[in-house]
Amino acid sequence: SGGGGGGGKRGGIADKREREELVVALAAEVAAQVSAAELAKGRKGSVLVFLPGWDEIKEAMKTLESLPAEQYDSLQVIPLHSQVPQEEQQLVFNPAPEKIKVILATNIAESSVTIDDVLAVVDSGLVREMSYNPESAMSTMGTVSTSRASATQRTGRAESCARASGDREAATQGCST
């Protein structure tokens with residue numbers, strides 16, 4: 001029967017969204033594990049998590065909030081995005097006594113902001129950017145894989161890096177431990 005082509009395309013979009021949601025959840029879980037490891041070593045500082053946009057930051061916050069209370073209470077979760085009031089964004093620069101700051105940020109934190117106490121970077125490997133679609137003659141905002149240059153820039157923000165990605169090559173590209 002007909003109509004299979006359109007369904008396949010929709011399925012591809014749904015699969016892509018599901019993959020992105022899994023990557024965001026994985027990035028939040030990795031951030032929680034890295035934070036626990038840093039605390040166990042007696043270290044204080046930040047874990048910087050790169051996510052593509054505000055919706056993903058909110059999803060990562062929900063994932064972290066669902067951690068056991070003892071683990072969540074050892075974190076100071078700070079979203080870094082234009083949607084957040086300036087005074088709350090300033091928290092990224094303050095030390096978090098007896099806690100690990102988990103900073104959930106977009107690519108703004110690649111180069112526009114310097115956070116001195118970053119112990120580790122967790123990179124979702126995703127970024128939101130504008131692209132032009134010649135078929136519709138419109139520009140749209142879409143989530144795409146981070147460029148090699150951006151991945152390298154993100155890695156340089158910390159002492160160590162973990163990349164949450166379904167792409168095996170991208171998962172290790174630019175990361176050093």
Side-chain angles (χ1 to χ4, degrees), residues 20-21 23-67 70-130 141 143-165 170-177:
E20 289 168 5
E21 289 170 8
V23 167
V24 168
L26 177 61
E29 292 286 345
V30 169
Q33 294 303 313
V34 169
S35 298
E38 294 294 348
L39 274 174
K41 294 177 196 171
R43 296 177 59 167
K44 295 178 194 168
S46 300
V47 173
L48 179 57
V49 184
F50 284 102
L51 298 164
W54 179 239
D55 289 340
E56 292 81 7
I57 288 173
K58 291 189 297 188
E59 282 304 311
M61 289 174 72
K62 283 183 195 172
T63 299
L64 293 169
E65 288 165 2
S66 71
L67 292 170
E70 182 180 316
Q71 189 176 4
Y72 182 74
D73 291 345
S74 68
L75 307 176
Q76 180 183 10
V77 179
I78 305 170
L80 184 59
H81 190 274
S82 61
Q83 297 282 339
V84 177
Q86 189 69 32
E87 56 274 9
E88 285 183 45
Q89 291 184 41
Q90 293 299 312
L91 293 173
V92 301
F93 303 109
N94 300 339
E98 308 308 316
K99 292 186 177 202
I100 295 287
K101 291 185 298 187
V102 177
I103 301 168
L104 304 173
T106 59
N107 58 343
I108 189 76
E110 270 178 39
S111 56
S112 301
V113 176
T114 299
I115 303 162
D116 293 328
D117 67 350
V118 177
L119 301 169
V121 169
V122 178
D123 187 359
S124 69
L126 300 172
V127 66
R128 185 129 321 118
E129 64 182 32
M130 292 293 288
M141 187 67 85
T143 303
V144 297
S145 294
T146 307
S147 71
R148 186 176 300 254
S150 288
T152 301
Q153 180 76 24
R154 291 175 176 194
T155 303
R157 307 308 276 171
E159 295 175 19
S160 64
C161 171
R163 191 160 284 121
S165 174
T172 55
Q173 163 192 322
C175 276
S176 60
T177 52

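Note that these values count all heavy atoms, side chains included, but never hydrogens, waters or copies made by symmetry.
Taken from CD1 in Ile78 to CD1 in Ile103, the straight-line distance is 5.5 Å, to the nearest 0.5 Å. With rounding to the nearest 0.5 angstrom, the CD atom of Gln33 is 8.5 Å from the CG atom of Leu67. A distance of 9.5 Å separates CG in Leu80 from CD in Gln90, rounded to the nearest 0.5 Å. Once rounded to the nearest 0.5 Å, the distance linking CG of Asn107 with CG of Asp123 reads 10.5 Å. For the atom pair OG1 (Thr63) and NZ (Lys58), the distance works out to 13.5 Å, reported to the nearest 0.5 Å.
Between Ile115 and Val92, the shortest heavy-atom distance links the atoms CG2-O, 3.7 Å. When every heavy atom of Pro52 is checked against every heavy atom of Leu126, the shortest pair comes out as CG-CB, 3.8 Å. The nearest pair of heavy atoms linking Ala27 to Val122 is O-CG1, 3.6 Å. Closest approach of Leu64 and Tyr72 over heavy atoms only: O-CD1, 3.1 Å. Nearest heavy-atom pair across Ala60 and Val24 is N-CG1, 4.1 Å.
Between Lys62 and Glu59, at least one side-chain N (NZ, or NE/NH1/NH2) sits under 4.0 Å from a carboxylate O, which counts as a salt bridge.
Glu21 pairs by the side-chain contact (heavy atoms from CB on, under 4.5 Å) definition with nothing, not counting sequence neighbours. Partners of Lys99 by side-chain contact (heavy atoms from CB on, under 4.5 Å), not counting sequence neighbours, listed by chain and number: Gln76, Ala96.
Heavy-atom contacts from other residues, nucleotides or ligands closer than 6.0 Å to CD of Gln83 number more than 12.
In this structure, the side chain of Gln89 engages the main chain of His81 through a donor-acceptor pair within 3.5 Å. No side-chain donor-acceptor contact under 3.5 Å links Glu38 to the backbone of Ser35.
By the 4.5 Å heavy-atom criterion applied to side chains, Met61 and Ile57 are counted as neighbours. Side-chain contact between Trp54 and Ser82 is absent, with no heavy atoms from C-beta onward closer than 4.5 Å.
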Output side-chain donor-acceptor pairs under 3.5 Å for residues 44-51, partner residues at least two apart or in another chain, one line each.
from: Lys44; atom 1: NZ; to: Glu98; atom 2: OE2; distance (Å): 3.2
from: Ser46; atom 1: OG; to: Lys101; atom 2: NZ; distance (Å): 3.4
from: Ser46; atom 1: OG; to: Asp117; atom 2: OD1; distance (Å): 2.8

